[in-house]
Structures are given as C-alpha cells and as structure tokens.
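Here the structure is laid out as structure tokens; the discussion comes afterwards.
Read the numbers this way: they start at 1 and go in the same order the structure lists the ligands and their atoms. These numbers were taken from a predicted model, which means no experiment stands behind them.
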Amino acid sequence: MEKKLQTVRANNLKQKPEPDKLGFGKYFTDHMFVMDYEVDKGWYNPRITPYQPITLDPASMIFHYGQSVFEGLKAYRTEDDEILLFRPDKNMERMNRSNDRLSIPAIDEEQVLDYLIELIDLERDWVPNSEGTSLYIRPFIIATERNLRVAPAHSYKFLIILSPVGSYYPEGIHPVGIYVEDEFTRAVRGGTGTAKTGGNYSASYNAQEKASGNGQSQVLWLDALEKKYIEEVGSMNVFFKINGEVITPALSGSILEGITRMSIIEMLKDWGHTVVERKISIDEVFAAYDKGELEEVFGTGTAAVISPVGELQWKEKTIIINNRETGDLAKKLYNNITGIQTGKLADPYGWTIKVKEKVTKQGN
Ligand SMILES: *Cc1c(COP(=O)(O)O)cnc(C)c1O
C-alpha cells in the first residue's frame, strides 16, 4: 500500500492575519494533511493537499455515533527562526490510546510524526513570531464508512489542520475564577474521560454555561460517583500547592493525561519539590484555605500552559486564592515551560524537537 507522502501545493496562498487578531482556531493555513483507512488496506494514501472542505456521505458513521478522536499541540518559532515542537511523540502515543478506547485502528506513531513534520515544514511561514503566539496543530480521525450499523466503522480519515493562534494572555498571565460543578459530570471511570474524543467536550458545555452564569470563567469537575474528589478544571489538569507541597489528582481512569501535567510533574521533581499524585477532595481544599495553607491553584494544558486560579466558588462559599494574584510557583513554571518551548531557555530534558532536523538526519 502507498505510504509515501504525496504533496499537491496550493496555487494561491492566503494572506496571513495580523498577529494581534489571531485569537484561537479562527484562521487556517494553506495546506492540510490527509490519509485514509480501509480494513483491507490499513492506513494509506498519505498526502498534503491545499486546505479545503471534505465531502462526506450523510450516512458517514461519524455523524451518527461520534466515533472520532483528536489531538492538540503547538509549533513555536525561536528567535533564530527555527521551528520547535514540544514532546510531539507524547501526542502520538496518546492519540493511539484514544484510538484504542474508541475502537479506531492505531496509527504508526513515528510515521505520522514524520508526516506532521513535513506539513509544518511546508507551512513554516505560518508559525507566528510575536510573544505568546504559536501554530496550533490539530490532528484528528473520523469514521467515514457509509453505514448506520452500531459498530466500529471499516473506513476512516485522518487529517491534520493548522491554525496560527494568538497569545492566551495578551495582557500577561492572570488568574481566573472557577465554579465547582456539583451536578453535571465530565467523565466517569470506565468511560471515555481519558480519551480526547469529541463527545466529552459537547457534554461539558451546559456546565460551562452554568459557570459563566455564576460569573466564573471555567468549571472545576468533581468525580462522578461521590461528587467529592477533584478531577480537572475546564479542559485542563489541576494542581494545588498546600503548605509547601504540590498535589495533583492521581490519574483515576476519568482524567485526561495531559502532557503539560506530565512535564510539570517532571520539572517540579527536578527542582526538588515534593509532588504528590493522589486523590484530593474539594473539602480538603476548602479546609486548607480555612487554615491559611492553600497557597496556589493552577490549571495546566497546551493552550494556556499554566492558568492560575484566583477564585473558587463551591455552593454558597467563595474563596480568594493568593489575593487573586499569580503565585510564584505558577509564574516560575510558566516562564520555564514557555522558555523551553520557544527556545529562549535551554532544554535539559530533551523535550523539544526541531522541525526538519529528524528528516535531515536521515539524509533526505
Ligand atoms: C487536552 C486536555 C488536557 C490537557 O492536555 P495537554 O496535553 O497538557 O494539552 C487536559 N484535560 C482535558 C480534558 C483535555 O482535553
């Protein structure tokens, strides 16, 4: 089966948007990556084409039973105009874990990473260079078989689209308010919470609306069974600094395994901090606040990197954390992770890879 990448270039290139107008996921680059899957062929026909709509039969299974997965990562431009990716191998691994959960055939992680690097290289002019901006990379897979049978599809499409995105903090990193959700559930053990799959996100919108209605910007999710233990905040993992110790919920089977979370744990341990992955209840957080021991709370994810929490609202009680200011640890983590991502700081962990370096090494 054809595995060699074919490229059809766009005839007319788009005008690139102004860096201060980028926002998130509004603009897309000139090209995209596509490959197909059929049971008897495996993944085949990998190609880079001009960015364009895809045509699907109305009976395509993605529309009916939601068989899909996605990933999210970023490419950063360094001061020397090199393009860096941050731990993209981890995204490929996670995509296959999501595939497994959604009964979607596995991808060849190394091969797909090579295709991704080819696409970024072709679109390197689209990686913006102002402070805080990056090129967001969205790989995703959808079930394309024309059939209404309730079972895994026999055909799929894998695509990668690219979107230049603006700074998450145009006015500098600042804390947000969080609403503790005690009715709706994001994910349950044994469910799909550990997979990046579309339905998890549409199922979270009504809680998000409730949080906004309460004047808070995001939702803090509790466990589905007891509504007691903390899981995540919005689409981010969450960390607490209590009495000098850093605590994050242990991966329980309903928490998405963030690559930022993993990196922060590794970095904190390297700095000599105590980091504990364990169950942490919302009562424990409010009790720590009452004792004056709740020092910092922050979310972590690719989009914001670190999102400090300045306010937590749970039922009738609202607490203000660190005087609504970004904590020292959150600030230090943000500066170090973004520094490594953008090549401003040395990368002692070997987390970044240069776009093209891999291919050049192989001599093509
Ligand atoms: C993607 C995601 C995260 C963060 O993962 P990163 O790899 O750090 O970007 C956390 N929670 C949810 C629900 C997510 O979808």
Between R87 and S263, is a side chain to side chain donor-acceptor pair (under 3.5 Å) present by the stated rule, with each step listed?
CA-CA 9 Å; R87 312 189 84 175; S263 307; 2.9 Å; yes
Please report whether ligand 1 has a polar contact with [X], defined as an N or O pair separated by less than 3.5 Å (distance criterion only).
{"X": "I259", "result": "yes"}
{"X": "T302", "result": "yes"}
{"X": "T260", "result": "yes"}

Would you tell me whether T338 and K344 have side-chain atoms, one donor and one acceptor, within less than 3.5 Å of each other?
no
Could you give the distance from CD (E109) to NZ (K90), rounded to the nearest 0.5 Å?
10.0 Å
Tested for side-chain contact (heavy atoms from CB on, under 4.5 Å) against R186, the lone hit among I255, D223, L256, L222 is L256
Out of all atoms in ligand 1, which are within 4.0 Å of some heavy atom of [X]? Include the element for each.
{"X": "R186", "value": "13 (C)"}
{"X": "Y201", "value": "13 (C), 14 (C), 15 (O)"}
{"X": "R94", "value": "5 (O), 6 (P), 7 (O)"}
{"X": "G258", "value": "5 (O), 6 (P), 7 (O), 8 (O)"}

Tell me the protein heavy atom at minimum distance from atom 2 (C) of ligand 1, and give that distance in Å.
K196 NZ, 2.6 Å
I need the nearest protein heavy-atom contact for atom 11 (N) of ligand 1: residue, atom name and distance, please.
E232 OE1, 2.5 Å
Yes or no: does S235 have any heavy atom under 4.0 Å from an atom of ligand 1?
yes
Do the ring planes of H174 and Y169 sit parallel (below 30°), tilted (30 to 60°) or perpendicular (above 60°)?
perpendicular
Name the residue from Y76, F28, F70, F24 that meets the ring-ring contact (aromatic ring centres under 6.0 Å, His included) definition with Y136.
F24
Hey, does the Lys NZ or Arg CZ of K14 hover above the aromatic six-ring of Y51, less than 6.0 Å from the centre and inside 45° of the axis?
yes
